[in-house]
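In what follows, every chain begins at residue 1, and chains take the letters A, B, ... in the order their sequences are listed. Below, each value reflects all heavy atoms present in this structure, side chains not excepted, and no hydrogens, waters or symmetry copies.
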Amino acid sequence: MKYSSVNFASDPDDSEDGRLPGKGRFRVSEKEACRDLREGKKGYDEKVAKVLARQPEMKEVFTTGGGIPLERLYTPLDIGGLDYCRDLGFPGSYPYTRGVQPTMYRGRFWTMRQYAGFATAAESNARYRYLLEQGQTGLSVAFDLPTQIGYDSDHPMARGEVGKVGVAIDSLADMETLFREIPLGKVSTSMTINAPAAVLLAMYIAVGEKQGVPPSELSGTIQNDILKEYIARGTYIFPPKPSMRLITDIFGFCSDNVPKWNTISISGYHIREAGSTASQEVAFTLADGLAYVQAAVNAGLDPNVFGQRLSFFFNAHNDFLEEVAKFRAARRLWARLMKERMGVSEPKALMLRFHTQTAGSTLTAQQPENNIVRVAIQALASVMGGTQSLHTNSFDEALALPTEKSVGIALKTQQIIAYESGVTSTVDPLAGSYVIESLTSEIERQALEYIDKIEEMGGMLVAIEKGYPQQEIQDAAYQYQKAVESDERVVVGVNRFQIDEDGGGRELLRVDPSVGENQEKALKAMKQGRDNVLVGNRLEAVRAAARDENLNLMPAMIDAVKVYATEGEICGVLREEFGEYRENIVL
Amino acid sequence: MSERRIRVIVAKPGLDGHDRGAKVVARALRDAGMEVIYTGLRQTPESIVETAIQEDADAIGVSILSGAHEHYFSEIIKLLKEKSAEDIIVFGGGVIPEGDIPRLKEMGVGAIFGPGTSTSICIEWLEEEVREKRAKES
């Protein structure tokens, strides 16, 4: 491309009014103009050398948050290897770098989906209805830890934890309360549930039937991603092999019966929260994805079919440019892996659709109001990266669960980006930026390197057994902490620009300590009111299905939850049959 | 005679799976020359206290991000008293509201290090506490 010379001083008389400099001062001669890119760059570099001699830059090496070195300036020279049609293409077309839909946010904004749940089903139900009234467009259920780990509220391991980080669900009775007056045929519901995902999905199907909504009309997502539980999140129950079977049973059952359900949300979010870099987040998440696809293929399922119901979940961290590039790289790499390594041809099974949550680990307990700004920047990155749905964190989450007010601000942040910022009016607006395209390619390259290494080890299950991803993540987390403590990385309000604050009087959400007791009482009463012989029979049917790998576990589970067998009882049977996972401690 | 190295149990009680902080602190304490035993996830107060006594630990560092801190700290301190091991220092970190800290300290928790605390502050505090504790014992 040729750059023409520029002449700002169009009228020679302008120079005589005293405000503008003399005639021709702004005239750029042919000699000065950038006629050849390489030559121009050389000239620029010489100029930089002179500037540096006078004033060095603030750092010797600039890097992204994930440690990718950043050049001072990116030009077309940095993306010389990029082939538009091969590497970017068009939105809605392979390799989906620019987005999975042709019109993206011009057609419809992302789903604004705030993860919420605490205390009892009744209190969480009230919060969901508040969020729906506030304009939220989908639900996202947070379960308490006992529910996530397959214990009822009266189990000794549940003591002190009931209703704390999410809602306590013991049986279908709680689930009915949770969705009271929420039409399951109209909202889509995401449930953050992994090891016992099959049980909670069974309950959701049962509640739907009671509301008169057939399974084929239900839409939503279960997280159902056990591998990242072993790697980073920690709410596993069973060992990998039976866990993978539960997952493929769900894939198979939903393909036939709940076709609009996203059967898994393959999650990099927690991997990143545990301390990984952006490239590691992409790498380990996609490697997990490949492991699920392989397991399902081994179970006789067609990746062209179940591949359409796979969804992903990523983190939106602070480094804006790197994050935008990360989402684009993940999309491109997944499409390529599915096509080239898994032989998938169905376009919908090549598309990486994802949910995003802003990075909880970047929230500071110091000057918590600053977190509103962090969240806004992170949320913007996810939108520039083409997310399908988004949770924005509340500013007080380094201190406690969010209050109604702070959740409101978080949701408004999304609405401001959607309705006021203008970035949604054109698809993939940062494409073609030299730095964004360079970073997109670099993250894809680094992630693929990890994925190949994991494949060489024998796949993700073997790598997890060896503690490989765990170790990589922990090393990155420790490096980060050291960088903050040495002031190499600045965290505003934490290691620079601190102020004295007294946070004792802050308004925080408190979970009523009687929640556990009340939940236990309700559970006891429920057990007395149900047909316990029938429950016993249905639990034995679950056991029989667990023992026969040729059977799908889902129908037996649905039968069991319908007669109010509890989650703890069903998981108890599975614990007896499958055993429990023991953590491979890596330090 | 060279002084015995400080021995610390870093513990994750209950069902909370957030172990980034616990592991970072464990590594930092180890790099500061302490002997660190990290329990892994899903420990009961009983198993934590037992490990601390068996290992003759100077301190137990407890990490909780699930909101169940009152329950676990009170259980651990109660058990230490029952086993006449209340000389073992108890400290912790995680997502713990500032308003809860006075109550935890009344219980006998030595210090709570919230998000954003430099590990060097935690290390200095622990070294000082152990020095005082050992001075009392000798």
Option in B/K12, B/R42, B/K23 with maximal non-hydrogen atom pairs under 4.5 Å from chain A:
B/R42
If you compare all heavy atoms of A/Y478 against all heavy atoms of B/V24, which two are closest, and at what distance to 0.1 Å?
CE1-O, 3.7 Å
Which atoms of A/E273 approach chain B - backbone, side chain, both or neither, heavy atom under 4.5 Å:
backbone
Does any part of the side chain of B/R27, heavy atoms only, come nearer than 4.5 Å to the side chain of A/D475, both counted from C-beta?
yes
Between A/Q474 and chain B, with a heavy-atom cut-off of 4.5 Å, which part of the residue counts as in contact: side chain, backbone, both or neither?
both
Evaluate whether atom NE2 of A/H317 has more than 12 neighbouring non-hydrogen atoms of other residues, nucleotides or ligands under 6.0 angstrom away.
yes
Residue among A/G160, A/A365, A/G166 with most heavy-atom pairs under 4.5 Å to chain B
A/G160
Pick one of side chain, backbone, both or neither for B/R30, based on which atoms fall under 4.5 Å of a heavy atom in chain A.
side chain
Quick check on A/Y151 against chain B: is it the side chain, the backbone, both or neither that has a heavy atom closer than 4.5 Å?
side chain
Tell me whether B/R20 contacts the main-chain N or O of A/A232 through its side chain, where contact means a donor paired with an acceptor under 3.5 Å.
no
With a 4.5 angstrom heavy-atom cut-off, is it the side chain or the backbone of A/Q148 that approaches chain B, or both, or neither?
neither
Side chain to side chain, B/L15 and A/T235, heavy atoms closer than 4.5 Å:
no
Does any backbone or side-chain atom of A/P146 lie under 4.5 Å from a heavy atom of chain B? Answer side chain, backbone, both or neither.
both
Give the interface residues of residues 100-120 of chain B toward chain A, defined by a heavy-atom separation under 4.5 Å.
B/D100, B/P115, B/G116, B/T117, B/S118, B/T119, B/S120
Taking all heavy atoms of A/A398 and all of B/V95, pick out the closest pair and write down the distance.
O-CG1, 3.6 Å
Among B/G14, B/G94, B/G40, which residue forms the greatest number of heavy-atom pairs with chain A at distances under 4.5 Å?
B/G40
Hey, what do you get for NZ (A/K482) to CG (B/D31), rounding to the nearest 0.5 Å?
6.0 Å
Between A/L399 and B/P97, the two heavy atoms sitting closest are O-CG, 3.5 Å
Residues in residues 49-61 of chain B near chain A [non-hydrogen atoms, under 4.5 Å]
none
If contact means a heavy atom pair closer than 4.5 Å, which residues of residues 579-587 of chain A contact chain B?
A/E583, A/I585, A/V586, A/L587
Just checking heavy atoms, which of residues 70-77 of chain B are less than 4.5 Å from chain A?
B/H71, B/Y72
Considering all heavy atoms, the nearest A/E161-B/A68 contact
OE1-CB, 3.6 Å
Over 12 foreign heavy atoms within 6.0 Å of CD, B/E132:
yes
Turns out that what part of B/D19 lies under 4.5 Å from chain A's heavy atoms comes down to side chain
